[in-house]
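One structure is given below, encoded as structure tokens.
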Amino acid sequence: MNNVLIKHAIDYIFHCFSAGDVAGGHDSAHTMRVYHNALRIAETIDGCDIQTISLAALLHDVDDRKVSPSTHETLGNARKFMSNENISEDIVTKVCNIINKISFSGGKIPDSIEGKIVQDADRLDAIGAIGIARAFAYGGHAGRPMTETINHFHEKLLHLKDLMNTPEGLRLAEERHNYMVDFLECWKKES
Ligand code: ADP
Ligand code: NI
């Protein structure tokens with residue numbers, strides 16, 4: 001594993017994102033959590049490529065439509081970073097395929113095991129305690145009443161567990177899912 005490459009990628013994401021995005025969605029803290037979740041899942045899977053997983057996790061939001069609309073289609077930021085780091089063309093293609101397929105809204109499943117791992121890692125960050133906080137941060141930023149954000153749990157967040165690709169992803173998702181269910185029960189009791 002090339003630690004200098006990972007250090008450069010981490011420096012790059014801190015340069016791309018503010019430390020804390022008020023909308024709670026796409027910031028360096030989210031990216032770092034996705035990276036760590038992905039490494040944690042990767043440890044349980046033999047033969048997956050840690051370099052591809054690390055690059056895809058760290059670069060997955062640098063061309064997000066909300067973060068960089070002008071490079072969203074081409075993945076220009078991710079490609080430029082990898083080209084500066086002399087990453088081989090087949091890894092660049094693999095990483096870009098993953099980034100194109102992982103978003104929630106896209107409803108796609110990446111073909112590679114590396115992509116499945118990163119998609120699980122990104123989804124884990126939308127559920128559990130962090131997921132609850134992100135949802136309310138998002139809703140507050142959009143000026144929505146809290147009850148509307150509660151709908152988002154039923155529309156999306158409570159379904160993510162059943163979409164996990166890997167056994168370790170599912171195990172971690174179940175813990176976080178149960179925590180959200182408890183939260184919603186408490187919400188009801190207190191309302
Ligand atoms: P991605 O860019 O990974 O596809 P989104 O932009 O859909 O993800 O979501 C980013 C974060 O914002 C997630 O934590 C998600 O739950 C939250 N979010 C997205 N839409 C809503 C919404 N309508 N209400 C509350 N939270 C939302
Ligand atoms: Ni993400």
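Remember, it's 1-based here, ligands and their atoms both numbered in the order they're listed.
- Residues passing the side chain to side chain contact (heavy atoms under 4.5 Å, CB included) test with Lys66, sequence neighbours excluded: His26, Asp64.
- Heavy atoms from other residues, nucleotides or ligands lying under 6.0 Å from OH of Tyr179 number 12 at most.
- Ser88 meets the side chain to side chain contact (heavy atoms under 4.5 Å, CB included) test with Asp90, Ile91; sequence neighbours excluded.
- Side-chain contact between Val181 and Leu158 is present, with heavy atoms from C-beta onward closer than 4.5 Å.
- For Asp64, every heavy-atom contact with ligand 1 shorter than 4.0 Å involves the side chain, none the backbone.
- Near Leu157, meaning under 4.0 Å from one of its heavy atoms, ligand 1 places the atoms 16 (O).
- For ligand 1, the polar-atom distance check finds an N/O of Arg134 within less than 3.5 Å of one of the ligand's N/O atoms.
- The shortest non-hydrogen separation linking Ser68 to Val62 is CB-O, 3.6 Å.
- Within the 4.0 Å heavy-atom criterion, the part of Asp122 lying near ligand 1 is the side chain and not the backbone.
- Ligand 1 lies out of reach of His30, whose nearest heavy atom is not under 4.0 Å from it.
- The nearest N/O/S atom of Asp61 to the Ni ion (ligand 2) is OD2.
- The aromatic rings of His152 and Tyr138 sit parallel, their planes meeting at an angle under 30°, below the 60° perpendicular limit.
- Between Tyr12 and Phe81, the ring planes are parallel. Angles under 30° get that label, and only those over 60° would be called perpendicular.
- For the pair Asp61 and ligand 1, the shortest N or O to N or O distance does not fall below 3.5 Å.
- Per-residue contacts place Lys156 under 4.0 angstrom from the following atoms of ligand 1 (heavy atoms of the residue considered): 7 (O).
- Heavy atoms of Lys66 found under 4.0 angstrom from ligand 1 belong exclusively to the side chain.
- The N, O or S atom of Asp122 with the smallest distance to the Ni ion (ligand 2) is OD1.
- More than 12 heavy atoms of other residues, nucleotides or ligands lie within 6.0 Å of CG in Asn84, so this atom counts as buried by the packing criterion.
- At a heavy-atom cutoff of 4.0 Å, ligand 1 is contacted by no atom of Ile102, backbone or side chain.
- Shown in contact with Arg144 at under 4.0 Å from a heavy atom are these atoms of ligand 1, numbered in order with element: 22 (C), 23 (N), 24 (N).
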